2 protein chains.
Amino acid sequence: MTDTSPGGLDEVRSDFIEKVGLIAQNEGLPRIAGRIFALLLFDGEIVSFGEIAEGLQVSRGSVSSATRLLEDRGLVKRVGKPGQRQDFFRLADNPYRNMLENVVTGLDRARGEIGDTLRQLPQDRPEIRKRVQDYARFYEVMGRAISQSIENLD
Amino acid sequence: MTDTSPGGLDEVRSDFIEKVGLIAQNEGLPRIAGRIFALLLFDGEIVSFGEIAEGLQVSRGSVSSATRLLEDRGLVKRVGKPGQRQDFFRLADNPYRNMLENVVTGLDRARGEIGDTLRQLPQDRPEIRKRVQDYARFYEVMGRAISQSIENLD
DNA sequence: TTCTACGTTCAGTAATTTCTGAAGGCACTG
DNA sequence: CAGTGCCTTCAGAAATTACTGAACGTAGAA
């Protein structure tokens, strides 16, 4: 029998999964992606495609797109099992490093777009250039900070 | 006459405003908030409530809620003008510092929620605890990095 | 006081995004 | 070769979020 008592492990687990779902949503990811990540993180095991769909009570279509998203971001790894036709998943080896790198990528993109504006601005409007430059600098500073923090993870 | 020629300042300006609107959306803010921020940043002037609504072609209701959001986050400042009933706005003094602080706040919140889970986890499941702890650490590392980067802004 | 200009609120609408579930295609099995 | 189980795709449904615009309250002007 699984531990479903109040405050028991199962409740902690499902609370965690829901929490991470909401955090993911806050960060602009589909909620299901966050839940899958949390499930793999909490259980720490290799879990099959079907178990994810059933365990989270979501459609296989959703599992398909969410796992691919997580895979693309390097947060989750798809693995095969000999003699098994199903796909299996586990946490990626370095999910947090990849998360940080994804954040940096997003910041670089924003900075790049602002840089485009800067390049289009005439030299004889230094006040505008200054302000746009400051904005670009914001993304640059934050990106650099996060890049450097990657090594602090382990 | 304003410069509306292709590649002219007006076009750069409106492209910039739209770009920042999309960036804001990416970061989970209403698009209009990003546009207002961009307008104030680009023009660098004190702009009235009505001018914002008209200039961006959005309803006064939207201007009201977006400006309040930006005000709450410390990105924009509402100022009065003597003898004027309208509200006026300008960029905040230290918008980027405040942006970074807002990010840190969000990270702290996420870390706190994961910390709650950690506290509920029994000691006899060290493997689970380890994994959840690593996840919390991710938010901690990123938050610290950004906090420290605040001083690099100027 | 009454009038007017203003910002805010909120109910409803619009737009966007997420999720579902059925159809489809592929690969393995027997 | 047919049958089965699997993942993906995609059209549509559901849910969420942003936005509008009218009603409202307030404060200054006349």
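Given the structure is predicted, the values throughout are model-derived calculations rather than measurements. Every heavy atom of this structure was used, including side-chain atoms; hydrogens, water molecules and symmetry mates were not. Residue numbers start from 1 in every chain, and the chains themselves are labelled A, B, ... in the order their sequence lines are given, proteins ahead of strands.
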Nearest whole angstrom, please: distance from the C1' of dT29(C) to the CZ of Arg85(A). 7 Å
Rounded to the nearest 0.5 Å, how far does CD1 of Ile150(B) lie from CE of Met142(A)? 10.5 Å
Got a sec? Which of residues 52-74 of chain B come in under 4.0 Å of DNA chain C, heavy atoms? Arg60(B), Gly61(B), Ser64(B), Arg68(B)
Taking the nucleotide of DNA chain D with the closest heavy atom to each, which residue, Arg31(A) or Gln86(A), is nearer the 5' end? Gln86(A)
Check this for me, if you would: do Glu11(B) and Arg13(B) make a salt bridge, where the nitrogen-to-carboxylate-oxygen distance has to be below 4.0 angstrom? no
Does a sphere of radius 6.0 Å around CZ in Arg78(B) hold more than 12 heavy atoms from other residues, nucleotides or ligands, not counting ones at 6.0 Å or beyond? yes
Please determine if Glu18(A) and Arg35(A) form a salt bridge, counting it only when a charged side-chain N lies under 4.0 Å from a carboxylate O. yes
Examine dT8(C): is either OP1 or OP2 under 4.0 Å from a nitrogen or oxygen in the side chain of Arg78(B)? Give yes or no. yes
Please list, chain by chain and in numerical order, all residues satisfying side-chain hydrogen bond (donor to acceptor under 3.5 Å, both in side chains) with Asp72(B), sequence neighbours excluded. none
Go through DNA chain D in 5' to 3' direction and return only the first and the last nucleotide with some atom under 4.0 Å of chain B's heavy atoms. dC19(D) to dA27(D)
Salt-bridge test for Asp108(B) and Arg111(B): reply yes if a basic N is under 4.0 Å from a carboxylate O, no otherwise. yes
Would you kindly give the CZ-to-C1' distance between Phe49(A) and dA27(C), to the nearest whole Å? 16 Å
Tell me: CD of Gln84(A) to C1' of dA27(C), nearest whole Å? 15 Å
Count the heavy atoms of every other residue, nucleotide or ligand shown that sit under 6.0 Å from NZ of Lys77(A), and state whether that count exceeds 12. no
Tyr135(A)/Phe42(B) aromatic ring centres below 6.0 Å: no
